[in-house]
Each structure stands twice: as structure tokens, then as C-alpha cells.
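Since the structure comes first, as C-alpha cells, the remarks are kept for the end.
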Protein chains: 4
Amino acid sequence: MKKNPVDSRRIKESAILEAALRVIKKKGFHKARMGDIAREAGISYGLVYHYFKTKEDLLETILGRWWDGLFGLMAETRAAGENVPEKLRRIILFLLDSYQHHPNLVNIFITEISRSTANLTRKRLERFKGFMALTEEVIVEGQTKGVLRDDFKARYLTYIFLGSLEAFVSAMVLVNQKIKGDGQKEKIAESILEVFLNGARNKKKAKRPGA
Amino acid sequence: MKKNPVDSRRIKESAILEAALRVIKKKGFHKARMGDIAREAGISYGLVYHYFKTKEDLLETILGRWWDGLFGLMAETRAAGENVPEKLRRIILFLLDSYQHHPNLVNIFITEISRSTANLTRKRLERFKGFMALTEEVIVEGQTKGVLRDDFKARYLTYIFLGSLEAFVSAMVLVNQKIKGDGQKEKIAESILEVFLNGARNKKKAKRPGA
Amino acid sequence: MKKNPVDSRRIKESAILEAALRVIKKKGFHKARMGDIAREAGISYGLVYHYFKTKEDLLETILGRWWDGLFGLMAETRAAGENVPEKLRRIILFLLDSYQHHPNLVNIFITEISRSTANLTRKRLERFKGFMALTEEVIVEGQTKGVLRDDFKARYLTYIFLGSLEAFVSAMVLVNQKIKGDGQKEKIAESILEVFLNGARNKKKAKRPGA
Amino acid sequence: MKKNPVDSRRIKESAILEAALRVIKKKGFHKARMGDIAREAGISYGLVYHYFKTKEDLLETILGRWWDGLFGLMAETRAAGENVPEKLRRIILFLLDSYQHHPNLVNIFITEISRSTANLTRKRLERFKGFMALTEEVIVEGQTKGVLRDDFKARYLTYIFLGSLEAFVSAMVLVNQKIKGDGQKEKIAESILEVFLNGARNKKKAKRPGA
DNA sequence: TATGAATGAGGGTTCATTCAT
DNA sequence: AATGAATGAACCCTCATTCAT
């Protein structure tokens, strides 16, 4: 029984990508050498180039996977006839899910792309803005349906929503914290959504002495 | 009348730092060459080394300025006997102020440091965590005084607060948006604080009979 | 009926050599990659190594064909009891013939070998000098028999003869000019020989009273 | 007395160019490594790049010098109201002169450019054709004035003329022959011109037994 | 203080060649 | 005979840093 050469290729590609994820996470994209990646993948130097045209191509492939997942989710979310809070929860869970299963991928997305102008190509910026726009769409829907307050620009609320979410994941990335099981994940999602919707103010004992 | 040599040195150093800010903003720290910075500052690149030991030192000095300001603020904030929302507003305004007056500095802080593991030294991580801890202190104070809800970890609320804030500034950085005057700045600060405290949910149409 | 395996081998070898000729002509020997040659021949690049030990071996084989033909001609020429101008015409026609039927081969000979020290091995230099010597032999014969002037070194006349010839072919190679039929070929040969023998000076208007 | 920095730069550039000439002559352009050139020039690796942008730039500069000289000569030749044989002699002498004083330069011109398609850029081809055209102009003038036979295309005579000349120099290049003094140079020039004008046929004893 | 020539380690990429299948 | 995955030496170029002036 021979191995299917196409599968074999896929497997090797994935192995290289995984190795790249580990190395880039550790050293950053710039300081990650192709030799490091090859060694990490347990293959020779030149073989990386058999599968990926350039180092940049490697990053692009990695990011492509991320974006494919993210835009896929946004399409599903749009299609599903759920209410707005449920849609927002989906977005939160996608990021947390991604982080749970591919922490290196999320790390790289956050450290190398979402903030770094150094690696920001036009294509990447467009994708980024595209994702922002889709999120804003949900926020606008919420405002239109009266679920979300409309005394602030949708754009502002979008920033705040995604900012909270990203800060969470970033912080976990920064301190290498793992998500322990689905329970914790749900709890975090709940916190983010709840605070975004209802705020951090304590409503029960709302008497502020110095107010 | 000769110029004071110490002042003269300061002036030149600042000129180099400003040039560095512009170049790093444009190309990212890694791709910013010492030659670029020297040319931007209008001096020979050998001279940069008279004022700064290494390229890394340049970045360190730039970041030092940022952190000095931030920790100075946090000290003031701590000292001032204000209530918690006021303290939070101070933090927000410091970031927006910084961005207003030194957009490049904030940009670099956000793109090169707050997210990139590549340039993350132990020292930087410590400062970062230190700032987080000071912010969390304010949050805890809010929970203790009953101003902020305590059904979530203070750590979570801190993430959400700083995340919203950072997302705002980052987004402005990303699209090169300028803050037009203090009015807009106050308004943005108000939005962030208001949503953080009271949430994005529309309370007018909520089923609150006694509203 | 199976194909004769030896013939089969020959056919494949030739296919590779032809492909190599085309690629080397287009990109030069150095820039011609084994992969290019394989693709041009419609086979995998590993297979090239079944037929030719190295890239160098490929070139050697190509050149060998050329030299075999050339030395074969020179032997014939020597054997044939023709007069000197006839012998010179033979040499000219051989080159033009070769160019007519194997322009790529002649191109490579001229661009990669006859001039480039880069690809000049001892063996190649020897063959080159050998050909020069054989040509010079004809020239000397001409001088001895009183057909060619002997107020110049035979070596000089040889240079001039081969130089004219080579320049013609080179120029055609350079501009990718095709030889259109035997007529044009004969005419070119005639021009070269005529000018070599009688010079470019216009004798009609020359003051030769007894003309 | 300080050295003029501009002069100093010129001197260093020339030193590098001379080193490059030697190395390229020995190994061919392709096999000449920048490291070889640096070592040959007695300087560090990186310094070559201080003076020349790329390896290609080095070659371009070398060739530029050659072409500048050649086109300069052609302009002078055109301007001088000499007769056609004198003009042809000038062209011959320029090449022989160049070879006498810069044998490596001529070698590279001949081996890397005049024949190699590998290094043939559009710009180079244009210059080459330009030189051919200028030479042809002289030939046409000769035909018009009745000095040269007009029963052959001017283009053909041009090939033959330049071919003879080039073959001479090439042959000397190939066997590393030096031109010993101006006397030999004049003699060679005379030979080439004489044979080109009057042919190789022995007119004195023009009786060819087998004719 | 100021210049920019000089250094050289480092890294991305290419490609001839080998080898397992 | 045939494929193409695998290897790794080689080489161009960049650029932070040093140094002579």
C-alpha cells in the first residue's frame, strides 16, 4: 500500500507549517530563520523551499489559514438567524477556540499582524479591515434592532468589543496561559459578552459615596 | 554666547529620537535602518552612535520616555484621592493625550512592544506587567468600594478595560486618524468609560418598569 | 515488437540534448537549470541524471558532437586533393551548414565556448587550438603553393579568415537570422571567401592600367 | 595636506574595478565571487557594496568605461575628415590599444559580452548594435566614395572587417599573448587592414596550377 | 562633535546532485 | 526507466557597528 503522494505532500506541508508556527512564536517572524524552521521540522534546509516559495510565502500561508477560518465563521454567523448577542458570542468563541487549539497561530496573528506595521501588506490590511467591517455590521444590526445603545457610533462600539476580546487573548498569549477546558472558555466568553453588554458598574449597590 | 553644551546635547538627542520615531513608525523597528534614521535627522549615521550606544538603546530610550510618563501618571493617580471612575478616566486620557501629541510614540509602543514577542525583553515584559498591575489595583479598589461588579475576576475586568482602550488607539493608529482637538478626545474618553461602566446594551428599551 | 532498448536510449538522449540546446541557447549555460532542461524535454529532472552524469557532462556531449563533425570535415578536407580556395570554402560551408541545421548548437559553441574562459577546460582549449592548427595548415599550404601571400604570418591570415567567418555566423546568431536555403548559404560563403582572397578594395576604379 | 575625498573615492573605485577585471578574467563573470574581488582588492567584503550597488553594477561600470572609450573614438573618427582606410585603421588601433593597456577589460568585453547571450541585456545589445552601425557607416562611406567594392552588402563587409579584428584580439586573449610595443601593434593593424582591403591572394605569382 | 569609509557576521535563496520508491 | 522528494554547499546582499580622520 503506497502512500498517496498528495496526502504525503499535505502532511509534510503541515509539518513545516507547525514547525514554523513554533519557531515564529518563539522568536518572532523576523528573527525566525529558515534554518530554524527546517531544523524544528526535522528536515533539510532546502526542503522548506520545495514546499514554500519564500519565507514570506510561509507566513502568508499561515495567515491564510487563519483568515479562512475567521471569514468562514463570519459567513456562518451572518447566515444563522440568531440574535445579536448570540452572534457576538460566536465571534468571541471563535477566537477563544482558535487560541485553545492553535495558540501559536493566534499568537502570530496578534503579534505579527494585527498590530505590526512592519509586516502589514496591503492585502493584509484589507483583510483586517474586512473583518472589522463584518463585526461592525453585527453591531449596527444590534443598534437597529434596539438591542444596543445608539448614542455611540457603531464604529466605537466595535472597537470596544473587539478590543476587549483581543486584550483577553493577547494577555493569555503574553503570559502563555492555557485555556483549561471548555468550561473556562465559556466563562471567559460570558464575562466578555456580559461586560460588553451590561458594563462593569455594580448595579446592585449603586450608591457611590463620593458621587 | 555659546550654547550650553548639555542643552545642545539634549537637543540633538531629541532630534534623533524624533527622527527615529518617524522612521520606525513608517517601516517598523526591524526594517528601520540606522542610516534611515540618520538621514531623517539630517546627520551622518556615525553620529547616531555618539548619542546612542546601539539601535536597541535607541528603542529603549524611546520606550523609557513612554513608561516614565505612564508610571508618573499612575503614581499621581494613586496619590490623588479621586474616585475610581475618575482614575480610570485619567488612564484613558493619558493614552489619548499621548497619542494626540506623540502619535508616533504611541504607534511604536503599540506595534512594536505591546504585542510583539520579537522585541519583548524581560525588562519590557516586567514594565508591561507592572502597568497592568497598577491598573488592576484601581479595578480592585472599585470592586472593594462597591463601584464595580465583583462577580468577575479583577483581572478580567482589567483586560476588558485596557483592551477597549488600546483597540481605540490602535485603530486610530492603523488608519492614521488624528484626534481633532480636546473636544473629540473628551468624547472618546467618555464613550470608552461609559461603555465600560454601563455596557453597550440599550437600557431605554429594556424591560425596566421604573425607568 | 519491442523497441530496441539501445535505440530507445539514443532517442531519449537526443531528446534531452535537443532540449538542452534550446534552453542553453535561451539562457546561457550557467543560467540553464537542469530542471529547465528536463521540463523542456518533457521528463522529470531526476531522469536527466540517468542519461548524463552531470550538467557538465551534458555540455561536453553537446560539444563533442560539434567537434566530431568539425574534425571529421577537416580530415576529409585534408584527404581530398582539392586546391586551397576549395578547402577554405569547405570550412566555411561546414560552419554555415551547421548553423543552418543546428543553429542552437552553433550558438552555444560560439557563445559558451569559443569565447568564454569561464567554461574553458584544458580539453576544450586543446580542441580549439587543434582546429586552429588544422586551418593554419591549409593556409600554410596556400602560401607554399603561392596561392596566398606570404608577406604575413600564416597565423595572422588564419585569424583573419576564421574571424571573418565567425563574425558572420555570430552576427546571424545574435540577431537570430535564419539562412534561407542553400542559395543564400552559397552566396555568403562566396562573399567571405572572395573578400578574404581579394580584399574589400574596389579594383575597378583602382589605377591599374593593365586591367 | 588631506587627501581629496572625491579623489580618494575614485582611487578606491578604480582599485576595485581593476581587481574585478582580474578576477572576472580568470574565472568568468559568473564564477567570480564578490568575496574573490574583495580579497583581490585587499578590502573587506562589504566595502565593495559601498562603492557598487550590486555585482551587476560592477560589470555595468566596467563595460561603461569600455563603451565610453569606443563611442568616443567613433565620434572623433566621424569628425576627422580622414579617408576611409584611415578611419578603419583608427578602429583597429583603438581595439589593439585597449588590449595593450587593458587586456583584462578587452578580455571581459569579448568573453562576457560580445558573444554571451547569458549576460546580454537589452541595453548591452543596443550598444553593440550601435557600434556595428557606426562601423557600417564607415564602410558605406567607402563604398559610396568608390574606395570599397560595392558588389557586397555593406553589412557583409562590416562583419568581415570586425570579425577579422575581433578574431585577432580574441586569439591573443585566449593564449594570453601580450602586444610587445607599438611596433608590433602597428604591424598587426597593417596586416588586418591590408588583408581586408587587398585580400589574402598572392597577386605576384597569380598562376594557380589547378585553376 | 562629526563624517562616512570599513568591517564581517548573518540570512534568504538557488540549484546541482543524490536517493528512496 | 522514471519520479520528485531531499540534501546542503554556495553566494549575493544587508546592515549594525567600529574606526580613522
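Order of the sequence lines fixes the chain letters, A, B, ..., with proteins taken first and strands second; residue numbering starts at 1 for each chain. Keep in mind it's a predicted model, so treat the numbers as computed, not measured.
Place D/G42 and A/K53 on DNA chain E by their nearest nucleotides, and D/G42 ends up nearer the 5' end. When the nearest nucleotides of DNA chain F are assigned to A/I43 and D/G35 by heavy-atom distance, the more 5′-ward of the two goes with A/I43. A residue-by-residue look at D/K55 and B/T54 shows that D/K55 has its nearest nucleotide of DNA chain F further toward the 5' end.
Looking at D/Y51, its side chain has no donor and acceptor atom pair within 3.5 Å of the base of E/dA6.
Closest approach to the B/Y49 side chain among F/dT7, F/dT17, E/dG11 is made by F/dT17 (side chain taken as heavy atoms from C-beta onward). Nearest to the side chain of B/K12, among E/dA2, F/dC13, E/dC15, sits E/dA2. With F/dT7, E/dA16, F/dA5 as the choices, the nucleotide that has an atom nearest any side-chain atom of A/S44 turns out to be F/dT7.
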Here DNA chain F, pairs taken as Watson-Crick or G-U under 3.5 Å and shown with ( ), [ ] when crossing and | when to another strand, reads .||||||||||||||||||||
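Counting only heavy atoms from C-beta outward, the side chains of A/F52 and A/L17 approach each other to under 4.5 Å.
Rounded to a whole Å, the CE atom of D/M34 is 15 Å from the P atom of E/dT7. Note: CD1 (A/I37) to P (E/dG11) measures 12 Å, nearest angstrom. The separation between B/H30 atom NE2 and E/dG10 atom P is 15 Å, rounded to whole Å. One interatomic measurement links the two molecules: CD of A/E56 to C1' of E/dG11, which rounds to 15 Å at whole-angstrom precision. E/dC15 atom C1' lies 10 Å from atom OH of C/Y45, rounded to whole Å. Remark: C1' of E/dT21 and CG of A/D7 are 17 Å apart, rounded to the nearest angstrom. In this structure, the NZ atom of A/K31 is 12 Å from the P atom of F/dA16, given to the nearest Å. Atom NE2 in A/H50 sits about 13 Å away from atom C1' in E/dC19, given to the nearest Å.
A side-chain donor-acceptor contact under 3.5 Å links D/K55 to the backbone of D/F29. B/D57 places a side-chain N or O within 3.5 Å of a backbone atom of B/K53 that can act as its donor or acceptor partner.
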Intermediate values then yes/no, side-chain contact (heavy atoms from CB on, under 4.5 Å), B/L59 and B/R124: CA-CA 11 Å; B/L59 183 59; B/R124 279 172 203 153; 3.8 Å; yes
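Using a cutoff of 4.0 Å between basic side-chain nitrogens and carboxylate oxygens, D/E40 and D/K25 are not scored as salt-bridged. Look at D/R10 and D/D7 and you find no salt bridge, because none of the NZ, NE, NH1 or NH2 atoms lies under 4.0 Å from a carboxylate O.
Defined by atom type and a distance below 3.5 Å, a donor-acceptor pair is missing between the side-chain atoms of C/R65 and C/S98.
B/A32 comes within contact range of the sugar-phosphate backbone alone, with a heavy-atom separation under 4.0 Å but no base atom that close.
A close approach under 4.0 Å does occur between a side-chain nitrogen or oxygen of C/R9 and OP1 or OP2 of F/dA1.
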